[in-house]
Amino acid sequence: MKPMAAPILSVAEAETDEEAVTVEPGFLEPGAAPYGNFPFYSRFHPPEQRLRLLPPELLQRLFPPEGSDPRPLLGLDVGCNSGELSIALYRHLLSLQEGEICSVSARDLRFLCCDIDPALVDRAKKDCPFPAAMSFVTLDFMDSQTREPLLSSFLNQFGQSAFDIAFCMSITMWIHLNHGDNGLLAFLAHLASLCRYLLVEPQPWKCYRAAARRLRKLGRHNFDHFRSLALRGDMADRIIQILTKDHGMELVCCFGSTSWDRNLLLFRANQPSEPTPSH
């Protein structure tokens, strides 16, 4: 017997959901992206919404050049999707204009960007204007056997044991829904151990309910862990508590909230000599 096709959400339904995308006939429905691997994520959460909250001089404030020939700064973007936000962040941090490939005064910056979806990673590689500075790789970040050698290999190229800055933009909910409370705790613990600074954009609890509702509309199984999650409520506050109390990070700044009600939170590993950016 032929399996029944999952219903496709209408454009109106899609546009009113927190994690929704404009649906094209015969294409991937929002509920069919259970890891947040939406095919056209930047159409409904454009990078500019985040970038307008981040000061353009952030990189210089966090990492003043040391000596006449400073080493490259290393960035890690977890859950990069098809790379639009990663590329926009790279431009923003180096104050590059659209179409500008490099700046004489720009600090050398190298990004490792990873996503669980190989099709999205392939698109990111194809569209990236900075192939020498940005690496896109397929990686299930929760798979430690694959993750550890990949991250170590990248860091070893530069003689470093940690990234200068890591980005976790609207990823925490998908880790939480697919791996439960313990998975989220392990994810945050590992991120905290990997970087000097961490920029996190947590999804609020209403997005969890919306994600579960979409699966039900499509006649699919609910997320295995959704009903058993003990970590719930104000997820930004929960993540702040976990990173500061359990992993010794300091909340440096909340840069504000996007139009879809998500805070951009910057954390720092406890190193008293580090500078504090002003917003």
> Using atom types as modelled and distance alone, determine if a side-chain donor or acceptor of Arg232 lies under 3.5 Å from a backbone N or O of Phe226.
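Yes, Arg232 side chain to Phe226 backbone: donor-acceptor pair under 3.5 Å.
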> Do Asp77 and Phe163 come within less than 4.5 Å of each other through their side chains, counting heavy atoms only?
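Not touching, per the 4.5 Å side-chain cut-off.
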> Could you see if Leu188 belongs to whatever hydrophobic cluster contains Trp205? Use Ile, Leu, Val, Met, Phe, Trp, Tyr and a side-chain cutoff under 4.5 Å.
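Looking at the clustering, Trp205 is in the same group as Leu188.
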> Please answer whether the main-chain N or O of Glu250 pairs with a side-chain N or O of Thr244 as donor and acceptor at a distance below 3.5 Å.
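Answer holds: no.
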> Counting C-beta onward and ignoring hydrogens, is there a side-chain heavy-atom pair between Arg268 and Leu62 closer than 4.5 Å?
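SC-SC contact between Arg268 and Leu62 ruled out.
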> Going by heavy atoms in the side chains, are Leu199 and Phe255 under 4.5 Å from each other?
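Touching, per the 4.5 Å side-chain cut-off.
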> Salt bridge check, Arg123 against Asp115: does any charged N sit closer than 4.0 Å to a carboxylate O?
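Between Arg123 and Asp115 there is no salt bridge, as every charged N stays at least 4.0 Å from the carboxylate O atoms.
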> Test side-chain contact (heavy atoms from CB on, under 4.5 Å) on Ile165 and Leu198 and set out the steps.
CA-CA 6 Å; Ile165 188 165; Leu198 173 60; over 6 Å; no
> Give, for atom NE2 of His179 and atom CZ of Phe187, the distance between the pair rounded to the nearest 0.5 Å.
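Rounded to the nearest 0.5 Å, the NE2-CZ separation comes to 9.5 Å.
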> Kindly indicate, with the supporting measurements, whether the criterion side-chain contact (heavy atoms from CB on, under 4.5 Å) is fulfilled by Thr138 and Leu120.
CA-CA 9 Å; Thr138 302; Leu120 294 176; over 6 Å; no
> Find out whether Leu85 and Arg50 are in side-chain contact, i.e. whether some heavy atom of one side chain is under 4.5 Å from a heavy atom of the other.
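Counting from C-beta outward, Leu85 and Arg50 do come under 4.5 Å.
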> Apply side-chain contact (heavy atoms from CB on, under 4.5 Å) to the pair Leu54 and Leu266, showing each step before the final yes or no.
CA-CA 10 Å; Leu54 298 177; Leu266 180 68; over 6 Å; no
> Is the shortest heavy-atom distance from the side chain of Ser161 to the side chain of Leu155 under 4.5 Å?
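Not touching, per the 4.5 Å side-chain cut-off.
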> To the nearest 0.5 Å, how far apart are CG in Asn222 and CZ in Arg213?
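Interatomic distance, Asn222 CG to Arg213 CZ, rounded to 0.5 Å: 12.0 Å.
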> Testing Val121, Leu112, Thr146 for side chain to side chain contact (heavy atoms under 4.5 Å, CB included) with Leu139, which one passes?
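The single option meeting the side chain to side chain contact (heavy atoms under 4.5 Å, CB included) with Leu139 is Thr146.
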> Using every non-hydrogen atom in the two residues, find where Ala211 and Leu177 come nearest and quote the distance to one decimal.
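Taking Ala211 first and Leu177 second, the nearest heavy atoms are CB-CD1, 4.1 Å.
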> Looking at Arg71 and Asp108, is there a salt bridge between them, counting it only when a charged N and a carboxylate O are closer than 4.0 Å?
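No, this pair does not count.
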> Tell me the closest heavy-atom pair linking Pro72 and Arg110, and the distance in Å.
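Nearest heavy atoms, Pro72 then Arg110: CB-CG, 4.1 Å.
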> To the nearest 0.5 angstrom, please state how far the NZ atom of Lys126 sits from the CG atom of Asp122.
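So the NZ of Lys126 and the CG of Asp122 are separated by 10.0 Å.
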> Using every non-hydrogen atom in the two residues, find where Ser86 and Cys80 come nearest and quote the distance to one decimal.
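Shortest heavy-atom separation between Ser86 and Cys80 comes out as OG-CB, 3.4 Å.
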> Check the pair Met235, Leu184 against side-chain contact (heavy atoms from CB on, under 4.5 Å), reporting the backbone distance first and the verdict last.
CA-CA 11 Å; Met235 292 310 298; Leu184 178 63; 4.2 Å; yes
> Kindly say whether Asp237 contributes a backbone atom to a donor-acceptor pair with the side chain of Asp234 at under 3.5 angstrom?
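Looks like yes, one N/O pair under 3.5 Å.
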> Do the side chain of Gln203 and the main chain of Met173 share a donor and acceptor less than 3.5 angstrom apart?
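Yes: the side chain of Gln203 pairs with the backbone of Met173.
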> Verify the distance criterion only: is there a donor paired with an acceptor across the side chains of Arg262 and Ser170 at less than 3.5 Å?
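Arg262 vs Ser170: donor-acceptor pair found between side chains.
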> Any donor-acceptor pair under 3.5 Å linking the side chain of Asn81 with the backbone of Phe38?
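Judged by distance alone, yes, a pair lies under 3.5 Å.
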> Side chain of Asp117, backbone of Ala119: donor and acceptor closer than 3.5 Å?
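Yes; judged by distance alone, with no hydrogens or angles, the pair exists.
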> For Ile116, is there any backbone N or O sitting under 3.5 Å from a side-chain donor or acceptor partner on Asp140?
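Between the backbone of Ile116 and the side chain of Asp140 there is no qualifying donor-acceptor contact (under 3.5 Å).
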> To check you understand the geometry: which heavy-atom pair defines the closest contact between His247 and Leu185, and what is its length?
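Shortest heavy-atom contact: NE2-O, 4.4 Å.
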> Any chance the rings of Phe63 and Tyr197 have centres within less than 6.0 Å?
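Judged by ring-centre distance (under 6.0 Å), Phe63 and Tyr197 do meet the cut-off.
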> For residues Asp181 and His176, is any side-chain donor paired with an opposing acceptor at under 3.5 Å?
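Yes, a side-chain donor-acceptor pair sits under 3.5 Å.
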> Rounded to the nearest 0.5 Å, what's the gap from CG on Leu76 to SG on Cys114? Could you check?
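Taking CG in Leu76 and SG in Cys114, the distance rounds to 5.5 Å.
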> Do other residues, nucleotides or ligands put more than 12 heavy atoms under 6.0 Å from Asn182 CG?
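Result for CG/Asn182: open.
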> Kindly indicate whether the side chain of Arg147, heavy atoms from C-beta on, has any atom under 4.5 Å from the side chain of Leu151.
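Result yes, sub-4.5 Å side-chain heavy-atom pair found.
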> Take the angle between the ring planes of Tyr90 and Phe111 and call it parallel below 30°, perpendicular above 60°, tilted in between.
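Taking Phe111 first and then Tyr90, their aromatic rings stand perpendicular (interplane angle over 60°).
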> At what distance, to the nearest 0.5 angstrom, does SG of Cys168 lie from CD of Glu201?
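Reported to 0.5 Å precision, the distance equals 9.0 Å.
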> Using side-chain heavy atoms (C-beta onward) and a distance below 4.5 Å, is Leu265 in contact with Ile240?
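When only atoms from C-beta onward are counted, Ile240 and Leu265 do touch, with a gap below 4.5 Å.
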> Distance check, rounded to the nearest 0.5 Å: Arg196 atom CZ versus Met249 atom CE?
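CE of Met249 is found 11.0 Å from CZ of Arg196.
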> Looking only at heavy atoms, what is the nearest atom pair of Arg91 and Pro129, with distance?
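Arg91 and Pro129 have their closest heavy atoms at NH2-CG, 3.6 Å.
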> Does the side chain of Lys206 reach to within under 4.5 Å of the side chain of Asp261, using non-hydrogen atoms?
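They are in side-chain contact.
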> Testing the 3.5 Å rule here: is there a donor-acceptor pair between the side chains of Glu148 and His190?
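Side-chain D/A pair, Glu148 to His190: present.
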> Determine the minimum heavy-atom distance between Leu229 and Gly180, stating which atoms define it.
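In terms of heavy atoms, the two residues are closest at CD2-CA, 3.8 Å.
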> Using the benzene-type ring in the case of Trp, are the ring centres of Tyr208 and Phe223 under 6.0 Å apart?
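That pair fails the under 6.0 Å test.
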